[in-house]
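Have a look at the structure below before the remarks.
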Amino acid sequence: MEKAFYITTPIYYVNDRPHIGHASTTVWADVQARYQRLRGRRTFFLTGLDEHGIKVQQAAEKRGLPPQQHCDEMAPHFLALWKALNISQDDFVRTTEPRHKAVVQRFLAELHSKGAIYRKKYHGWYSKAAEQFVTEKEKVNGQFPAHLGEVVELEEENYFFRMSDHQEWLIRHIQEHPDWIQPSNRRNEILGALQKPLEDLCISRPKARLAWGIPLPFDPEYVTYVWVDALVNYISVPGYGTERFASFWPADFHLIAKDILTTHTVYWPTMLHAVGIPMPNRILAHGWWLMEREKMSKSLGNIISPQDYIEKYGADALRYFICRELQLANDTDFTEERFLRRFNADLANDLGNLVNRSLSMVHRYRQGNAPGRGAAGAVEEEICKLAAATFDAYHPAMESIAYSTALEAVWKLIARANRYVEETAPWKLAKDPAAASRLDAVLRLLTEISAALAYLVSPFMPDTAAKITNQLAIRDLTESRLRTLDLLSDGHALGPPAPLFPRQSASDCAASRAK
RNA sequence: GCCAGGGUAGCUCAGCGGAAGAGCAGGGGACUCAUAAGCCCUUGGUCGGGAGUUCGAUUCUCCCCCCUGGCACCA
């Protein structure tokens with residue numbers, strides 16, 4: 001079978017309700033998955049939940065629930081958000097599922113049989129309140145902070161993964177694959193960190209201290225600790241150890257946020273290398289959203305909630321904003337003003353209004369039937385060239401997840417089309433019977449551009465793309481005909497037009513209300 | 001502290017040796033197909049500070065100031 005395009009998000013820790021950060025990584029992955037499907041590739045898009053670990057055990061205890069029940073109650077929050085956001089995951093993994101646990105144990109056994117795991121005593125300071133080891137670094141003025149409670153010296157035996165064995169290999173791999181870790185500032189950070197000796201990785205917890213985990217196959221007194229559990233989802237779901245695995249792995253993209261860069265570019269690759277599994281193709285870590293805390297708390301006292309934005313502005317608008325604004329290499333501010341500016345300027349005024357005015361004119365002047373190509377001239381030829389150039393710029397940007405670059409190219413075409421309407425002034429042509437053929441040409445071209453835009457925008461805004469194709473009364477978006485603006489047949493009957501994005505007044509904005 | 005990356009129009013940023021740019025926001029205008037949207041015109045910057053190299057520096061070098069990110073069994 002053709003190898004699938006395989007893209008992942010992290011599996012999210014169920015301690016938390018989903019927030020804008022989870023939503024952003026997932027939207028980025030979804031856009032890529034939809035794009036790859038649009039191009040006709042078999043695609044596998046995986047997301048899911050990380051359900052083991054001390055925090056989950058504690059959270060469940062606090063609620064007086066068994067941990068599994070706590071997880072079962074958390075999972076729907078994530079699934080509901082993904083549904084509301086139109087996320088098109090092909091599978092949704094939960095690390096408490098048997099299919100995952102079996103592979104984790106297999107993976108651990110393989111590491112063990114290859115001599116990559118050993119047992120040693122760990123000696124350190126343990127906080128009873130936090131139920132975890134703490135390090136010297138957490139000391140303030142030579143004292144551990146009060147919230148850690150009593151900190152005692154503790155000795156504990158644990159299992160370690162010989163991560164240090166793979167340091168030189170890892171450095172070489174990063175150097176020989178310049179695009180493996182993106183963006184380059186993150187790659188440099190990792191290379192910088194690897195100049196210091198790599199330590200071995202503790203991968204276990206005694207059951208007495210942490211019961212909520214997957215038992216080590218070679219020592220039932222221990223469970224595996226977070227990384228060997230969570231990261232393995234990337235191979236457990238596609239069936240590591242079975243025949244079908246080869247038709248998924250290696251992953252084309254691991255999409256993450258910058259906070260889990262080290263786990264994905266150091267721990268995970270060295271574990272895979274130790275077992276002899278090929279490396280994922282690319283690991284892409286985007287920046288974080290920053291909230292202007294003062295403003296947010298003064299006005300409303302809350303954090304950005306994806307659900308609120310979806311309810312207020314629609315999933316597509318939020319998806320668009322996340323793809324247009326969230327930077328790969330840097331952190332980005334999320335404010336409602338910025339969101340509204342994008343909404344009104346890009347979605348309502350540029351895209352929405354272009355499609356609406358175009359289709360309205362076809363209805364007004366041509367009874368809703370796409371006219372023939374008419375008397376097309378130099379301007380139409382120029383715009384056809386621009387359309388093709390737009391596709392040419394769009395594809396490489398999409399392939400490399402440079403979404404704002406791709407969207408900028410699309411919006412150049414939109415701007416040109418809006419200018420075209422002014423240049424040709426169809427309302428004037430409509431008054432002159434001698435200009436009928438000229439008017440045909442203009443309206444036909446605008447209709448074709450709307451179809452092309454439905455295609456270009458569809459990975460980002462699936463609902464909007466569907467609205468446009470419904471208004472155009474078309475089903476099929478064949479790229480080869482869209483890029484030459486030659487999809488429709490003469491006389492094709494359009495559906496009724498309707499605005500795509502009702503303009504939002506600034507007074508709806510929280511920050512404006514606060515003034 | 002150490003390692004990176006920055007400081008250019010109100011905001012977000014591009015430019016990186018030869019007469020200061022884009023988008024958004026602001027102001028004005030002509031139009032009316034359209035979501036009072038779109039289009040045209042326009043206000044606005046001693047390109048962080050200082051010194052140097054050069055015929056010429058936002059662009060190169062050095063020093064200073066400020067900001068951001070990273071610094072790994074930690075969440």
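Keep in mind it's a predicted model, so treat the numbers as computed, not measured. Chain letters run A, B, ... following the sequence lines, proteins first and then strands; every chain starts at 1.
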Categorize G352(A) for me: base, sugar-phosphate, or nothing, with a 4.0 angstrom heavy-atom threshold over every strand shown. base
The residue, S360(A) or E325(A), whose nearest nucleotide of RNA chain B is more 5′ is E325(A)
Same-atom distance (C1') from U42(B) to A30(B), integer angstrom: 14 Å
N418(A) CG to A37(B) P, in whole Å, measures 13 Å
With nearest nucleotide decided by heavy atoms, which residue, R324(A) or K431(A), maps closer to the 5′ end of RNA chain B? R324(A)
Name the closest nucleotide to the R186(A) side chain, picking from U35(B), A72(B), G69(B). G69(B)
R357(A) CZ - C33(B) P separation (whole Å): 11 Å
Identify which nucleotide among C11(B), C71(B), G38(B) has an atom closest to any side-chain atom of E422(A), counting heavy atoms from C-beta outward. G38(B)
Tell me, yes or no, whether the heavy-atom count around E168(A) atom CD, taken from other residues, nucleotides or ligands under 6.0 Å, exceeds 12. no
Applying a 4.0 Å non-hydrogen cut-off, can you work out what R342(A) is touching in the nucleic acid: base, sugar-phosphate, or nothing? nothing
Would R205(A) count as a cation-pi partner of Y225(A), with NZ or CZ less than 6.0 Å from the six-membered ring centre and within 45° of the ring normal? yes
From NZ of K258(A) across to C1' of G5(B) the rounded distance in Å is 12 Å
At less than 4.0 Å, is any side-chain N or O atom of Y225(A) found next to OP1 or OP2 of C74(B)? Yes or no. yes
Applying a 4.0 Å non-hydrogen cut-off, can you work out what Q167(A) is touching in the nucleic acid: base, sugar-phosphate, or nothing? nothing
Looking at A34(B), I'd like to know if its phosphate oxygens (OP1 or OP2) sit under 4.0 Å from a side-chain N or O belonging to R364(A). yes
From CA spacing to verdict: side chain to side chain donor-acceptor pair (under 3.5 Å), D229(A), T224(A): CA-CA 7 Å; D229(A) 183 347; T224(A) 186; over 6 Å; no
Under 6.0 Å between ring centres, would you say that holds for Y118(A) and H112(A)? no
Counting side-chain heavy atoms from CB outward, which of U32(B), C73(B), C11(B) is closest to F160(A)? C73(B)
Classify the side chain of N353(A) and the base of A34(B) as holding, or not holding, a donor-acceptor pair under 3.5 Å. yes
Taking CG from N188(A) and C1' from C71(B), how many angstroms apart are they, rounded to a whole number? 14 Å
What nucleotide, of C73(B), U32(B), A34(B), holds the atom closest to the side chain of C202(A)? C73(B)
Could you check whether F161(A) gets within reach of a base, just the sugar-phosphate, or nothing at all, counting any heavy atom under 4.0 Å? nothing
Phosphate-side-chain proximity, Q195(A) and C71(B), N/O vs OP1/OP2 below 4.0 Å: no
Whether F161(A) and H166(A) hold their rings parallel, tilted or perpendicular, with breakpoints at 30° and 60°: parallel
Of the listed nucleotides C73(B), C33(B), A25(B), the one nearest the side chain of L201(A): C73(B)
